[in-house]
Amino acid sequence: MPGSEWSTTTDQRFNVNLSILFTELPLLERPAAAAAAGFSAVELWWPWIDSPTPVRSDLDALKQAIEDAGVRLTGLNFYAGQLPGPDRGALSVPGEESERFRANIDVAADFAASLGCKALNALYGNRVEGVDPAEQDALALENLVLAARAAHRVGAILLIEALNRPESPLYPLVSAPAAVGVVDRVNAATGLGNAKFLMDLYHLSMNGEDLPAVIDRYAAKTGHVQIADNPGRGAPGTGSLPLAELLDRLGKAGYDGWVGLEYKPGDRPSAEAFEWLPRAARRTPALAEQ
């Protein structure tokens, strides 16, 4: 996609997801790599897939790497199991995984707070064979209420994301209405109003949803947006999604939050996967709020 198509997006705030981009580098080197590519903000899936409660030295090392790079952490996932991998979250999975999610809630919230991060994403989790979906949904609501309260404690929002059915066939939230329905139930249960929809345009397009209609209907309930092109989940311009138009529509609908770049770089170094976005549009003023 020629950079000129994005010349009007300099008022949009882009961050780089360091769990899908720059993964050719060790975790602690990725924040500096994003800064070198011109970005001032990053987001992360939970980096320690085997541990919801990593040792303090690991948390401190990542915090230091982000601070040393001069980038801002604007989004963080709660523990979500083996991601990337077979899992799609832990909070609705009875037994050990639910317990691991609960153990992670305050760890993730406090780590986010230490870096001024104001958005925490809670992936719902796959359906489990032999478990009543209603039982999983009840457990999910309990855990999401706990997560929403922890997010509120640190001045953050709780994000709930719709994924796509072809790639996540066991994940129950595979449409915008399904995810927003959970958002509404969490807000009704807590009275806090800090649960928001994470609108990932790639996942919604994979589900065949009417993206302009989703934007018009749910922009006001959206707390974060992520993008990748489709097909392929690559950089804008590698597929057929009119991402510049869709982000412009989001802006006109009132969305002024972050846009996470959550795409695969392809068979090239991640640093070469941003030619679609003029360098001037990559950096956000340091004082920009969530």
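Counting non-hydrogen atoms of other residues, nucleotides and ligands closer than 6.0 Å to CZ of R127 gives a total above 12. For CZ of R279, the number of neighbouring non-hydrogen atoms (other residues, nucleotides, ligands) closer than 6.0 Å is greater than 12.
Pairs of residues two or more places apart, or lying in two chains, that qualify as side chain to side chain donor-acceptor pair (under 3.5 Å) and include a residue from residues 75-87 are D50-Q82, N77-N121, Y79-E97, Y79-R100. Legend: side chain to side chain donor-acceptor pair (under 3.5 Å) pairs involving residues 20-30, not counting sequence neighbours, sorted by first then second residue: E24-S270.
Between Y202 and Y263, the distance separating the two ring centers is not shorter than 6.0 angstrom.
Between L173 atom CG and D137 atom CG the span is 8.0 Å, to the nearest 0.5 Å. F39 CZ to L18 CG: the interatomic distance, rounded to the nearest 0.5 Å, is 10.5 Å. Expressed to the nearest 0.5 Å, how far CD of E67 lies from CG of L62 amounts to 10.0 Å. Distance check: M199 CE to L250 CG gives 5.5 Å after rounding to the nearest 0.5 Å.
Residues meeting the side-chain contact (heavy atoms from CB on, under 4.5 Å) test with A188, sequence neighbours left out: none.
Closest non-hydrogen pair, R283 versus S40, comes out as NH1-CB, 3.4 Å.
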Inset, instruction - Evaluate the salt bridge (charged side-chain N to carboxylate O under 4.0 Å, His left out) criterion for residues K252 and D216: first the C-alpha distance (whole Å), next the side-chain angles of each, then the deciding distance (0.1 Å), finally the verdict. - result: CA-CA 9 Å; K252 290 177 179 176; D216 293 347; over 6 Å; no
